[in-house]
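First up is the structure itself, then whatever we jot down about it.
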Amino acid sequence: QVQLVESGGGLVQAGGSLRLSCAASGRTFSQYVMGWFRQAPGKEREFVAAIRWSGTRTYSIDAVKGRFTISRDNAKNTVYLQMNSLKPEDTAVYYCAATYRDMSLTTPNGYDYWGQGTQVTVSS
């Protein structure tokens with residue numbers, strides 16, 4: 001069982017930065033693939049980025065490449081999403097997710113555990 005708690009969201013102007021954190025419980029955090037998703041009002045939950053257990057392989061959508069960076073610290077049971085050059089279209093609730101299965105990593109169905117979400121609002 002894994003429990004995930006996100007933090008770091010907030011209101012920022014376009015061009016600004018935020019760093020989201022996701023603290024995980026459980027002794028086997030290092031064995032999980034961790035992902036970040038986001039959901040804007042009236043839209044489906046969208047994959048943003050994922051990172052494998054070793055931290056050496058990461059994945060992200062084109063819309064955030066070059067702006068967002070996912071990383072993890074297995075010693076702290078924490079995964080991060082550094083978001084730079086934020087745009088109004090990045091506004092959404094951001095969710096942290098974890099899976100032990102290592103498949104379908106770009107879809108919500110590929111994850112078993114979810115955090116409660118943290119709001120990110122980017123003003124123009």
Side-chain angles (χ1 to χ4, degrees):
Q1 188 74 15
V2 176
Q3 291 185 327
L4 306 173
V5 179
E6 301 100 332
S7 61
L11 173 63
V12 64
Q13 289 187 331
S17 298
L18 286 173
R19 187 175 82 155
L20 305 183
S21 299
C22 174
S25 65
R27 295 178 296 174
T28 59
F29 171 79
S30 62
Q31 298 177 20
Y32 283 84
V33 177
M34 302 298 297
W36 284 99
F37 286 75
R38 64 187 181 185
Q39 189 166 17
K43 295 188 176 180
E44 293 186 351
R45 193 165 294 191
E46 174 189 39
F47 169 76
V48 176
I51 186 167
R52 292 190 182 276
W53 69 271
S54 65
T56 58
R57 294 193 66 181
T58 64
Y59 311 87
S60 61
I61 56 174
D62 288 344
V64 306
K65 276 188 168 67
R67 300 188 300 122
F68 291 11
T69 302
I70 187 171
S71 62
R72 67 191 294 163
D73 185 337
N74 288 339
K76 295 182 178 180
N77 282 11
T78 302
V79 63
Y80 305 97
L81 186 68
Q82 177 67 45
M83 305 186 296
N84 299 327
S85 302
L86 282 160
K87 304 176 181 180
E89 51 263 44
D90 295 318
T91 295
V93 177
Y94 283 70
Y95 296 91
C96 173
T99 180
Y100 194 59
R101 293 176 283 146
D102 198 3
M103 58 187 298
S104 301
L105 297 181
T106 61
T107 66
N109 288 340
Y111 293 81
D112 304 300
Y113 305 102
W114 292 86
Q116 82 287 352
T118 185
Q119 177 71 46
V120 171
T121 303
V122 184
S123 63
S124 57

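We're numbering straight along the sequence, starting at 1. In this text, all values refer to a predicted model and were calculated from it rather than measured experimentally.
Using modelled atom types and a 3.5 Å distance limit, the side chains of N109 and S104 yield no donor-acceptor pair. A side-chain donor-acceptor contact under 3.5 Å links Q119 and T121. With 3.5 Å as the limit, one finds no donor-acceptor pair spanning the side chains of D73 and T78.
Within the model, atoms CG of L20 and CZ of F68 stand 8.0 Å from one another, a figure rounded to the nearest 0.5 Å. We find the CG-CH2 distance between N74 and W53 to be 8.0 Å, quoted to the nearest 0.5 Å. Separation of atoms CZ (F37) and OH (Y94) is listed at 13.0 Å; rounding is to 0.5 Å. Atom CZ of R19 and atom CE of M83 lie 11.5 Å apart (nearest 0.5 Å). Separation of atoms CE (M34) and OG1 (T58) is listed at 14.5 Å; rounding is to 0.5 Å. If you take OH on Y59 and OG1 on T106, they are separated by 10.5 Å, rounding to the nearest 0.5 Å.
Taking the side chain as every heavy atom from C-beta outward, V122 and Q13 never approach each other to under 4.5 Å.
Among all heavy-atom pairs drawn from A49 and L81, the shortest one is CB-CD1, 4.4 Å. Smallest separation of non-hydrogen atoms from R72 and V33: NH1-CA, 4.3 Å. G9 approaches V120 most closely through the heavy-atom pair CA-CG2, 4.2 Å.
Applying the side chain to side chain contact (heavy atoms under 4.5 Å, CB included) criterion to S71, with sequence neighbours excluded, gives Y80.
Judged by distance alone, the side chain of E6 and the main-chain N or O of G117 form a donor-acceptor pair under 3.5 Å. A donor-acceptor pair under 3.5 Å links the side-chain atoms of S25 to the main chain of Q3, judged by distance alone. Judged by distance alone, with hydrogens and angles left aside, the side-chain atoms of Y111 form a donor-acceptor pair with the main-chain N or O of L105 at under 3.5 Å. Proximity of a side-chain donor or acceptor of S124 to a complementary backbone N or O of P88 within less than 3.5 Å is not detected. Of the possible polar contacts, none joining the R38 side chain to the F47 backbone as a donor-acceptor pair under 3.5 Å is found. Of the possible polar contacts, none joining the K87 side chain to the A14 backbone as a donor-acceptor pair under 3.5 Å is found.
The stretch residues 34-124 participates, sequence neighbours left out, in these disulfide (SG to SG under 2.5 Å) pairs: C22-C96.
Both W36 and I61 sit in one connected hydrophobic cluster of ILVMFWY residues. Membership requires side-chain heavy atoms under 4.5 Å apart, directly or through other members.
Within a 6.0 Å radius of NZ in K43, other residues, nucleotides and ligands contribute 12 heavy atoms or fewer.
Both the sub-6.0 Å distance and the 45° axial angle are satisfied by R45 relative to the ring of Y95.
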Walk me through whether L18 and L86 qualify under side-chain contact (heavy atoms from CB on, under 4.5 Å). CA-CA 8 Å; L18 286 173; L86 282 160; 4.2 Å; yes

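Between Y32 and Y100, the ring planes are tilted. Angles from 30° to 60° get that label.
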